[in-house]
Amino acid sequence: MDILMLGSGGREHALIKKLKESPKAGKIYCAPGNGGISKDAECVNISVMDKENIIAFAKEKNIDLVFVAPDDPLAAGVVDALNDAGIRAFGPVAKAAEIESSKVFSKNLMKKYNIPTAGYEVFSDPEKAIAYIEEQNKFPTVIKADGLALGKGVIIAQSLEEAKDAVKEIMEDKKFGESGNNVVIEEFLTGPEVSVLAFTDGKTLKPMISSMDHKRALDGDKGLNTGGMGTISPNPYYTDDMAEVCMKTIFMPTVEAMNKEGRPFKGCLYFGLMLTPDGPKVIEYNSRFGDPEAQVVLTLLDSDLVDIVNAVIDEKLDQVDIKWSKDNAACIVMASGGYPEAYKKGIEMDGFDENGQVDGAVVFHAGTKFENGKFYTNGGRVIGVTAKGETLEKALDNAYAAVEKISFDGAHYRKDIGRIRK
């Protein structure tokens, strides 16, 4: 099968590397891709939002499968457009992707179908939002932009002042654009966080191995929220018993709720969970592979990803046996100095071989470009250095040893991935 991957980050690089392992994979293209991806796929300069050119390219090259990886094109109906053009596509249609693209929709869905989540209220008026926060007078409190915001539209306010600033930033200053027209204000949950990705064809749901993301920019879970500074898998807090509870109370009820709403979900459904003293609760859904969760989870996938993708599209997921490695995996994100705020691009990187790799780990490129035989930084999160090991400690040691081999001016990474205990 000739495959077109849409996207340009570490998640897409991880998906491409895993698809390449399949004997069924033919030529792989990536639009638009990045420097590191160019070593594993042919990059084409087409925007992930450019439906017309995506379809034209897929037809011209006789593409057998388009894998829509990022959130924006899913929300914009790129899968719908591909389906209408008779092109096989992996990912949910826009109506199903709304489970991620609208926090208001997802919270109301959970309330309607009794799926456990944090208590919340929705506001379209900033003054009413602030009045509610003052009335509740409970801190920390969580303030979320309704729409997509590159994983950064959530502010955890520690005080009334911070909460007022957050509402102003989101709703009045439009820090996240139209995504901030509505806000969700919800109670702050405590407990270990767990990410569980799942394959689903709208009928069957098969969870992947669990992971733990580290969102804060600095060691000790301090600093600003980011798209993710590192991950480990499996998550040490997510036991078999907990997995059973989640399947019964969260995973299958979500698939069934989406079907009842006339929005069957086919693709990768991501559950961001909090293991609270009152049991597991949903913090958020994503309608695609998480980043950098995909990097560790796919590293531990022992089955053929092409087979799984085809089974999801053809609604035959119940016929596929998905196998996982018994190892642990760890991913350390190396970011540009200043991320998630202002940072420089175009800084030369050292330590790689000609394919942008190092011994002892796999480097998934997120924000790099390749010019004149050299790699340069080209984004906030630059690379995800991912390694396996028989134990979590071994996986972390291997990943950090590989990080030491790579250098670029201003490189920033957390030293405590996988070592934070709630």
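Both backbone and side-chain heavy atoms feed into the values below; hydrogens, waters and symmetry mates do not.
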Hey, can you pull the donor-acceptor pairs under 3.5 Å for the side chains in residues 243-255, sequence neighbours left out?
from	atom 1	to	atom 2	distance (Å)
Thr249	OG1	Val245	O	2.8
Thr254	OG1	Ile250	O	2.6
Thr254	OG1	Tyr285	OH	2.8

Fill in the blank from the handout: The side chain to side chain contact (heavy atoms under 4.5 Å, CB included) partners of Val362 (sequence neighbours excluded) come to Lys17, Gln357, Phe364
Completion exercise
Sorted by chain and residue number, the side-chain hydrogen bond (donor to acceptor under 3.5 Å, both in side chains) partners of Glu404 (sequence neighbours excluded) come out as Tyr413
Handout entry: Qualifying residues under salt bridge (charged side-chain N to carboxylate O under 4.0 Å, His left out), relative to Lys222, sequence neighbours excluded
Key = none
Problem - Ala366: side chain to side chain contact (heavy atoms under 4.5 Å, CB included) partners, not counting sequence neighbours - result: none
Practice task
Give a yes or no on whether Lys27 atom NZ has more than 12 heavy-atom contacts from other residues, nucleotides or ligands under 6.0 Å away.
Solution key: yes
Handout entry: Expected output: side-chain Asn34 to main-chain Ile37 donor-acceptor under 3.5 Å
Key = yes
Handout entry: With Glu284 via salt bridge (charged side-chain N to carboxylate O under 4.0 Å, His left out) - residues at least two apart
Key = none
Exercise for the section: Taking side chain to side chain contact (heavy atoms under 4.5 Å, CB included) as the test, write out the residues that go with Lys175, two or more places apart. Expected result: Glu169
Practice task
Return yes when atom CG of Asp409 has more than 12 non-hydrogen atoms of other residues, nucleotides or ligands closer than 6.0 Å, and no otherwise.
Solution key: no
Exercise for the section: Could you tell me whether Lys20 and Asp40 make a salt bridge, using a distance below 4.0 angstrom between a side-chain N and a carboxylate O? Expected result: yes
Problem - Aromatic contact, Phe375 with His365 (centres under 6.0 Å) - result: yes
Exercise for the section: Would you mind listing every side chain to side chain donor-acceptor pair (under 3.5 Å) that reaches into residues 202-213, with sequence neighbours excluded? Expected result: Asp213-Lys215
Practice task
Could you list the residues that satisfy salt bridge (charged side-chain N to carboxylate O under 4.0 Å, His left out) with Asp173, not counting sequence neighbours?
Solution key: Lys168
Handout entry: Aromatic plane relationship, Phe199 with Phe90 - under 30° parallel, 30 to 60° tilted, over 60° perpendicular
Key = perpendicular
Completion exercise
Residue pairs passing the side chain to side chain donor-acceptor pair (under 3.5 Å) test with at least one member in residues 371-386, sequence neighbours excluded, are none
Completion exercise
Quick note, side chain to side chain donor-acceptor pair (under 3.5 Å) partners involving residues 257-273, not counting sequence neighbours, are Glu98-Arg263, Lys112-Glu261, Tyr113-Glu261, Ser195-Tyr270, Lys266-Glu315, Tyr270-Glu293
Completion exercise
Contacts of Val142 meeting side chain to side chain contact (heavy atoms under 4.5 Å, CB included) (sequence neighbours excluded), chain-then-number -> Lys144, Val154, Ile156, Glu186, Phe188
